[in-house]
Undergrad: 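Encoded as C-alpha cells, here's the structure I'll be asking about.
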Amino acid sequence: MAEVKIAAEITASVWQIQARPGDQLAEGDTVMLLESMKMEIPVTAPQAGRIAAVLVAEGDQVEEGQAVALLEA
Amino acid sequence: MPDTIPNPVTDWQPELDELRRREAMAQEMGGPDKVRRQHDAGRLTVRERVAKLADPGSFHEIGAIAGRAEYDETANLRRLTPSNCVFGRATLGGRPVVLVGDDFTVRGGSADATIREKPLMAERMANEFRLPIIRIIEGSGGGGSVKTIETTGRANLPGGVGGTGLFNYTTLNLSAVPVVGLGLGSVAGLGAARLASTHYSVMTKETAAMFVAGPPVVARLGQNLDKKALGGWEIQTRSGAVDHAVDSEDEAFECARRFLSYLPASVHDLPPDLPCDDDPGRREDSLFSIVPRDRRRVYQMRRIIEAVVDRGSFFEQGRMFGRSLITGFARFGGRAVALMASDPYFYGGSWTADTCQKVVRFLDMAETFHLPVVYLVDCPGFMIGLEAERAATIRHGVRAMAAMNQTTMPWCSIIIRNAFGVAGAAHQPAGRLSLRYAWLSARWGSLPLEGGIEAAYRAEIEAAPDPAQKLREIEDLLNQLRSPFRTAETFWVEEIIDPRETRRLLCDFAQLAAPLRMPQPGRLQMRP
C-alpha cells in the first residue's frame, strides 16, 4: 500500500478540514478547503484511498507544494 | 593482347558505392554499443525520433555524411563517425517543416562532434524557406564543453568572431516561424537555451532534465542534487522554463504535431482553418448553472472551455506555470484562436507575477502568428500580499497590460464572473474596439467589496454604535447598486448574455475576425 502526499497547490490559509484520519475517499473528494483571495479552494484526493494523516490545522498558513495530508492508496 | 583486361568503368558506380557506404556508416550513429545504451536508458536514437515524428517516408536529410573520417595508410576510408546533428526537411500532417536533432550516441551530443554549420543551416532553412522548425534536443545541443579546449587547442569565446549564427537564429526565428523544442534527455547549456527559446517546449518526465549546468557543476556550489531534483519536469514546468511534460517520446511528438496544427507555417501565412462538424449554435445547458451563486465557491473553468470550443479542439499550453490563467489554442467553427481563461482554483484567478509573464509570452505568440484572442475572464485583480509585492507583481502586471494593449489581433472577452481593479481592466486591449459580453454571473468594480468597504467607509463604520452591523448595512446597499444591469443601463458594459449563447457568439467572432488577419509580419519582434 503506497502513501500518497496530498499537497496544497497554492499559498493559502486552511479554512475548513473536511476529511479525518481513517476516512475513505474517492478520487476527487474534498480533503479540505483553503482560503485565498476570499475564495474557498478545495484540496482534493488525487486518487482513491484512506486518509492516513492530516498534517495541518484550521487557520494554518500553507505554502504552494506543502503536504497537507497523507493518503494510503 | 590478353582478353582478360576488364572493361574500363564508364559510369559512376564506384562513387555511388562509396556514397552509399558512407551513408550506411552515418546510419550507425555512434555504433551498436552507444545505441544499446541509449535504448537501455529508455530513449530513442535521433534517427528513430525523426522517423516517428515525420510523416512516413517524408524525411529528406541534409548533410548525412558530414562527420569525422578515419583513413588507412592508402587513403581508403576506414570509418566515418557522423556529426551529432541530424537535420533535414519533412512533412507533418502533410505540411513541410524542418527537423533538427542531436545525436546523443555520438560524443553525448556535445560540441566535440558537432559541425557548427549543420544546426545553423537548419535554423536558416526554417527562416528563409518560412518553415516551422522542431528542435529535438539532447545533450548540450551543440554547445561547448571543457574538453573542447583540449581537442581544439584553444578556448572558445562564446559569440566570438564567426560564432554568433546559432545564437542569432535561436531567438530570431521566434519572430519568423513556429519553433518547437523537444527535450528528450539531459539538456544543458546551449541545448537548454534552444529548448527554452521556443514557442512551445515539451520534455519527457522520466528520461529528460534541463538545466543551465548539470549536477557535477552545481555540486561545486555545495548543492548535491541529481538530475531530476535539479532540472526534472516538475521543476521546469512549474518554473515556466518548459511548457509541458509527457510520459513518452511518442506523446512528445504528438504534442508537437498538435501544436503546429493551430499555427501558420510562418508569419507570412495565416493559421489554417479546418472543416468543422460541430454546430456553431450548440447551446450547453450546463453553462447556465456552472458558476456558483455563492461567490466564495470556485468552479471548473476548463469545463466551460470544453463546452464552448469546437468539440475536442482545446490544446492547453503551460498548465503548470502561472496557473491562475489557462492558456491554449482552440477552434470556433474550424477557425483557430488563442484562448485565455481565468482559473479560480488558483488564487481565485488573480494575476500573480508568474501569470503576468505567461500573458506576455502567450499574447506575443498570438500576435506573431495572427491568431485572434478569446479571453474568458474571472479576475479579482492582481495577487495581493507581501509575497506578491516582493515578486514585483505590479510591474509584471503593467508589462502584461502593455503586451495586451500592443496587440492588433481581433479580441473578444467574455466576463464570466469577476473583473476587479487594474488587472480586471486588463480584460481587453485599451484604445481599440473589441467584442465583449458579460455573463449573468458577472460583477466588477475598482475594488472587491470585501475589504474595500472597510477602506472606503472607515470613519463611518468606526463611528457607528455597532460597527459590524454598519458594515453589513453598507455591504447590502452596495450589493444592490452594483448589479451588472445598472452598469448596462449606462452602457459601461455593452451586452449581458445567457451563458448558453457563448459558443454561438464566439463562433460569430471567429468568423468576423477571419478577414482581419493579415498574412504578413507584424511589428512585434517576439522574445522568448
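We name chains A, B, ... by the order of the sequence lines, and we start the count at 1 in each one.
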Undergrad: Any Lys/Arg nitrogen of A/E40 or B/R296 sitting under 4.0 Å from an Asp/Glu carboxylate oxygen of the other?
TA: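 Yes.
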Undergrad: Mind checking the CG-CE spacing from B/N418 to A/M39? Nearest 0.5 Å is all I need.
TA: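 Rounded to the nearest 0.5 Å, the CG-CE separation comes to 6.5 Å.
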Undergrad: Look at atom CZ of B/R482 and say whether more than 12 heavy atoms of other residues, nucleotides or ligands are closer to it than 6.0 Å.
TA: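 More than 12 heavy atoms, drawn from other residues, nucleotides or ligands, come within 6.0 Å of this atom.
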Undergrad: What's the separation between atom CG in A/L33 and atom CZ in B/R297, rounded to the nearest 0.5 Å?
TA: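 Going from CG on A/L33 over to CZ on B/R297, the span is 9.5 Å.
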Undergrad: Give, as side chain, backbone, both or neither, the part of A/M37 having an atom under 4.5 angstrom from any heavy atom of chain B.
TA: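 Contact with chain B involves the side chain of A/M37 alone.
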Undergrad: Determine whether A/E9 and B/F346 make a side-chain contact, defined as any pair of heavy atoms from C-beta on separated by less than 4.5 Å.
TA: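 Side chain of A/E9 against side chain of B/F346, heavy atoms only: contact under 4.5 Å found.
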Undergrad: For A/R50, I'd like to know if atom CZ has over 12 heavy atoms of other residues, nucleotides or ligands within 6.0 Å.
TA: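 Correct, the count exceeds 12.
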Undergrad: More than 12 non-hydrogen atoms from neighbouring residues, nucleotides or ligands closer than 6.0 Å to CZ on B/R293, yes or no?
TA: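 Count not over threshold, so no.
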Undergrad: Any non-hydrogen side-chain atom of B/Y347 less than 4.5 Å from a side-chain atom of A/T11?
TA: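 Side chain of B/Y347 against side chain of A/T11, heavy atoms only: contact under 4.5 Å found.
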Undergrad: Hey, is NZ on B/K205 packed in by over 12 heavy atoms from elsewhere, all under 6.0 Å?
TA: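 Result for NZ/B/K205: enclosed.
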Undergrad: Where on B/R238 is there a heavy atom nearer than 4.5 Å to chain A: the side chain, the backbone, both, or neither?
TA: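 Side chain only.
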Undergrad: I need the A/L34 CG to B/Y345 OH distance, nearest 0.5 Å.
TA: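 Taking CG in A/L34 and OH in B/Y345, the distance rounds to 11.5 Å.
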Undergrad: Could you list the residues that satisfy salt bridge (charged side-chain N to carboxylate O under 4.0 Å, His left out) with B/E454, not counting sequence neighbours?
TA: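 With sequence neighbours excluded, B/E454 shows a salt bridge (charged side-chain N to carboxylate O under 4.0 Å, His left out) to no residue whatsoever.
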Undergrad: Drop me the distance from A/I10's CD1 to B/T352's OG1, to the nearest 0.5 angstrom.
TA: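 Atom-to-atom, A/I10:CD1 and B/T352:OG1 are 11.5 Å apart.
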Undergrad: Are more than 12 heavy atoms from other residues, nucleotides or ligands located less than 6.0 Å from atom OH of B/Y457?
TA: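 No - once you tally the heavy atoms of other residues, nucleotides and ligands closer than 6.0 Å, there are 12 at most.
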